[in-house]
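Any value given below was found using the heavy atoms of this structure, including those in side chains, with hydrogens, waters and symmetry copies removed.
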Amino acid sequence: MGLWYDAQRDGTIEDYIEYCRNERLPKCFRGPEQFQRLVDLGYITPDITSIRIMYNFGRGDEFYSVVRGFKLEGADVLVHSGKQGIHDPRELLSGDVPHFEIDNLNPHPEPRESIK
């Protein structure tokens, strides 16, 4: 396992999540495509799931809550606040974002109708 999920190395997203749960490791992903895949597989639940964008060097991390429409809302916390407002994950998770850690995934996901 590497720092974030890689299908060639880690197998399916389901296998990776199960491995992380069993080993008590953070579940880390990279880019808006992986975020969307988690949405499509039913792992992300608005108003429950949250993410932490992990910059690690020279910049503080940022926390976001997933809200209606699977948008990201900046969390106002003492340390590592996200950008204020509601953001499109395609914009927020692209560019210089190394990876993100995701918490409170649905333990019993059901794929969304669009991919069944």
Side chains of residues 43-51: which donor-acceptor partners sit under 3.5 Å, not counting sequence neighbours?
from, atom 1, to, atom 2, distance (Å)
Thr49, OG1, Thr45, N, 2.9
Thr49, OG1, Thr45, O, 3.3
Thr49, OG1, Asn104, O, 3.1

Indicate if Phe70 and Ile17 have the same hydrophobic cluster label, given that clusters are the connected sets of ILVMFWY residues with side-chain heavy-atom separations under 4.5 angstrom.
yes
Leu38-Val97 co-clustered via ILVMFWY side chain contacts under 4.5 Å
yes
Look at the side-chain heavy atoms of Ile, Leu, Val, Met, Phe, Trp and Tyr, link any pair under 4.5 Å apart, and say whether Phe100 and Leu105 land in one connected group.
yes
Any donor and acceptor pair, going by atom type alone, linking the side chain of Arg30 with main-chain N or O of Pro98 inside 3.5 Å?
yes
From NZ (Lys27) to SG (Cys20), nearest 0.5 Å:
6.0 Å
How far does CD of Glu33 sit from CG of Asp40, to the nearest 0.5 angstrom?
12.0 Å
Check Leu41 against Pro109 and note the closest heavy-atom contact, atom names and distance.
O-CB, 3.4 Å
Please confirm whether the ring centroid of Tyr16 lies under 6.0 Å from the ring centroid of Phe29.
yes
Please say whether more than 12 non-hydrogen atoms of neighbouring residues, nucleotides or ligands are located less than 6.0 Å from CZ in Arg90.
no
Please round to the nearest 0.5 Å and tell me the distance separating atom CD of Gln34 and atom CH2 of Trp4.
9.5 Å
Rounded at 0.5 Å granularity, tell me how far CD in Glu18 sits from CD1 in Ile13.
14.0 Å
Judged by atom type as modelled, is there a donor-acceptor pair below 3.5 Å linking the side chain of Asp10 to the main-chain atoms of Asp6?
yes
For Asp61 and Met54, the nearest pair of non-hydrogen atoms, with its separation, is OD1-CA, 3.5 Å
Pairwise side-chain contact, Val66 with Lys71, heavy-atom cut-off 4.5 Å (strictly under):
no
Does the Tyr64 side chain pair with the main chain of His87, one donor and one acceptor, at a distance under 3.5 Å?
no
Distance (rounded to the nearest 0.5 Å) between Leu93 CG and His99 NE2
12.0 Å
Work out which heavy atom in Pro32 is nearest to a heavy atom in Pro89; give both atom names and the distance.
CB-O, 3.9 Å
Check this for me: does any side-chain nitrogen of one of Lys83 and Glu62 sit under 4.0 Å from a carboxylate oxygen of the other?
yes
